Visitor: 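I'd like to ask you about the structure that follows.
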Amino acid sequence: MSSAVLKLSKTEIQKLKDYYADYLLNKKVPYSEFSAKKNGISITAYTSGKVLFQGNQAEQEAARWGKTEASATKKSSSLPANFASLSVLGSDEVGNGSYFGPLCVCAAYADREHLAVLKQLGVKDSKMLTDEQIRQMAVKLKELIPYRLLVVKPEKYNQIQPKYNAVRMKVALHNQAIRLLLAEISPIKPEAILIDQFTSEANYLKYVKQEAQPVKEKIYFVTKGEQYHLAVAAASIISRASFLEELDNASLELGTKVPSGAGTPSDRLAAKLLRQGGMDLLGKYAKLHFANTEKAKKMV
């Protein structure tokens, strides 16, 4: 079991608590602000400002929110000098951990000339922005920089998932978004391609070889990629805005709020949909291989 520790401000800890709202535990750990458990990873935020992540892929989960001393050294040394000022194509995905809603993958290209404008817009990690800020910023980003967005809705996701595991599916989508965007901006070539890391570099390269047109040149992989280049931050914002829009559409169609995440509210809504239309209805809105499906069946 791995572990990682971050030092965060009170504001940042509140953002964590909001993000893990569906996974909060009732138990009270001494001197803690909250405890949560998501996908086998325990998260405990202490009053001192330290946040402890424990479990398989704990370091990867912690990297969503900041850099540990060891990981910062490793990631920084893997990138070229002055990376943040280069013309970079970045990619990120949203929706992978949510039972309801699509998987959205976006590649965005931010050249040197646009970096100052992106900073003025307030482009940064989408998790540090409100949903309304994300929606507004995404509109401006789409007008400002080239991007390619891929949205895999639950119905399509459920058709692909038995053939592709979750990692291979994301590899295929990132590769496709990057390849399409490279073709769109050609003959311009980015100085680097940065993927917000969701699996090891070796694993990514293993799966991308199975794609018909793999992109492998000038690719770098770091967790918390938004901290290293605004291209990844822009891709994250556009992806998140699309994900929110899809949840809004699903809420209108079903006449009830469709939650993000994979907590108890998702279980309850899944059970309701099973009662209304069985697996056919649920499969239009949810990723069926999640554990929520079995929980909902037991509730029904």
Side-chain angles (χ1 to χ4, degrees), residues 12-27 33-45 51 53-58 60-65 92-106 125-135 151-155 157-158 161 166-167 169-170 196 198 223-224 226 236-237 239-254 256-274 282-299:
E12 290 171 326
I13 286 177
Q14 185 58 50
K15 289 181 183 293
L16 256 73
K17 188 174 183 179
D18 293 342
Y19 180 79
Y20 294 112
D22 291 341
Y23 309 94
L24 294 177
L25 302 176
N26 291 325
K27 68 175 184 178
E33 296 286 348
F34 73 87
S35 295
K37 191 165 187 177
K38 177 189 176 187
N39 299 334
I41 301 172
S42 297
I43 303 105
T44 307
V51 183
F53 294 78
Q54 290 180 302
N56 292 332
Q57 297 187 329
Q60 187 171 337
E61 187 69 22
R64 294 174 178 270
W65 304 101
D92 198 2
E93 86 279 339
V94 173
N96 179 62
S98 181
Y99 181 55
F100 286 103
L103 173 59
C104 302
V105 176
C106 181
D125 184 356
S126 64
K127 298 182 189 69
M128 301 303 169
L129 299 168
T130 66
D131 287 350
E132 189 55 37
Q133 287 174 322
I134 287 168
R135 294 176 198 272
V151 180
V152 183
K153 296 186 179 183
E155 202 163 14
Y157 182 99
N158 293 326
Q161 189 273 324
V167 173
M169 190 188 303
K170 284 192 286 186
D196 193 46
F198 54 87
T223 54
K224 199 68 176 173
E226 300 91 338
S236 174
I237 290 167
S239 296
R240 179 70 181 169
S242 176
F243 176 77
L244 292 172
E245 183 180 354
E246 292 293 331
L247 284 188
D248 288 346
N249 292 339
S251 298
L252 287 172
E253 291 173 10
L254 293 172
T256 187
K257 181 174 174 56
V258 176
S260 63
T264 303
S266 296
D267 298 337
R268 291 175 182 149
L269 179 57
K272 180 180 179 181
L273 297 184
L274 284 175
L282 182 60
K284 287 182 64 177
Y285 298 97
K287 304 176 184 77
L288 296 179
H289 71 100
F290 276 44
N292 302 76
T293 302
E294 293 305 315
K295 292 179 184 177
K297 286 179 181 179
K298 290 177 183 178
M299 291 171 73

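The residues of the chain are indexed from 1 along the displayed sequence. Computed from a predicted structure; not experimentally measured.
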Visitor: Return the minimal non-hydrogen interatomic distance between Ala250 and Tyr285, and the atom names on each side.
Guide: CB-CD2, 3.7 Å
Visitor: Between Thr293 and Leu288 (side chain of the first, backbone of the second, donor and acceptor by atom type, cut-off under 3.5 Å), is there such a pair?
Guide: yes
Visitor: Which atom pair, heavy atoms only, marks the closest approach of Ala270 to Ala296?
Guide: CB-CB, 3.5 Å
Visitor: When you measure from the side chain of Asn292 to the backbone of Ala262, do you find a donor-acceptor pair of N or O atoms at a distance under 3.5 Å?
Guide: yes
Visitor: Please lay out, stage by stage, how Glu61 and Lys38 fare under the test side chain to side chain contact (heavy atoms under 4.5 Å, CB included).
Guide: CA-CA 10 Å; Glu61 187 69 22; Lys38 177 189 176 187; 4.0 Å; yes
Visitor: So, taking the atom named CG in Leu269 and the one named CG in Leu274, what distance separates them when rounded to the nearest 0.5 Å?
Guide: 9.5 Å
Visitor: Any Lys/Arg nitrogen of Arg240 or Asp131 sitting under 4.0 Å from an Asp/Glu carboxylate oxygen of the other?
Guide: yes
Visitor: Any side-chain heavy-atom pair from Val151 and Cys104 closer than 4.5 angstrom?
Guide: yes
Visitor: Would you give the length of the straight line joining atom OG of Ser236 to atom CD1 of Ile134, rounded to the nearest 0.5 angstrom?
Guide: 7.0 Å
Visitor: Is a side-chain donor or acceptor of Asn158 paired with a backbone partner of Ala286 at a separation under 3.5 angstrom?
Guide: yes
Visitor: Passes side chain to side chain contact (heavy atoms under 4.5 Å, CB included), Ile13 versus Phe34? Steps please.
Guide: CA-CA 9 Å; Ile13 286 177; Phe34 73 87; 4.0 Å; yes
Visitor: What's the shortest heavy-atom distance between Tyr99 and Ser266, and which atoms?
Guide: CD2-CB, 4.0 Å
Visitor: Working to the nearest 0.5 angstrom, can you tell me the gap between Asn96 CG and Tyr157 OH?
Guide: 6.0 Å
Visitor: Taking the side chain as everything from C-beta on, heavy atoms only, tell me whether Asp92 gets closer than 4.5 Å to Glu226.
Guide: yes
Visitor: Do Lys287 side-chain atoms and Gly95 backbone N/O form a donor-acceptor pair below 3.5 Å?
Guide: yes
Visitor: Could Lys297 and Glu294 be called an ion pair, given the rule that one side-chain N must be under 4.0 Å from one carboxylate O?
Guide: yes
Visitor: Determine, step by step, whether Glu93 and Asp196 satisfy the side chain to side chain contact (heavy atoms under 4.5 Å, CB included) criterion, reporting the C-alpha distance in whole Å, the side-chain angles of both residues, the deciding distance to 0.1 Å, and the verdict.
Guide: CA-CA 8 Å; Glu93 86 279 339; Asp196 193 46; 5.6 Å; no
Visitor: Nearest 0.5 Å, what's the OH-CD1 distance between Tyr23 and Ile41?
Guide: 11.0 Å
Visitor: Would you please say whether a donor-acceptor pair under 3.5 Å links the side chains of Glu245 and Asn249?
Guide: no
Visitor: How many angstroms lie between CG in Leu273 and CG in Leu282, if you round to the nearest 0.5 Å?
Guide: 6.0 Å
Visitor: Measure the acute angle between the ring planes of Tyr19 and Trp65, then classify it against the limits of 30° and 60° as parallel, tilted or perpendicular.
Guide: perpendicular
Visitor: Counting distance only, does the side-chain N/O of Ser251 pair as donor-acceptor with the main-chain N or O of Val258 below 3.5 Å?
Guide: yes
Visitor: To the nearest 0.5 Å, what is the distance between CG on Leu244 and CD on Glu132?
Guide: 10.0 Å
Visitor: Apply side chain to side chain contact (heavy atoms under 4.5 Å, CB included) to Ser260 and Phe243, showing your working.
Guide: CA-CA 9 Å; Ser260 63; Phe243 176 77; 4.0 Å; yes
Visitor: Does atom NZ of Lys284 have more than 12 heavy-atom neighbours from other groups under 6.0 Å away?
Guide: no
Visitor: Hey, does Leu103 have a side-chain heavy atom less than 4.5 Å from the side chain of Gln161?
Guide: no
Visitor: I want to check something: taking the side chain as every heavy atom from C-beta on, are Lys272 and Thr256 in contact at a cut-off of under 4.5 Å?
Guide: yes
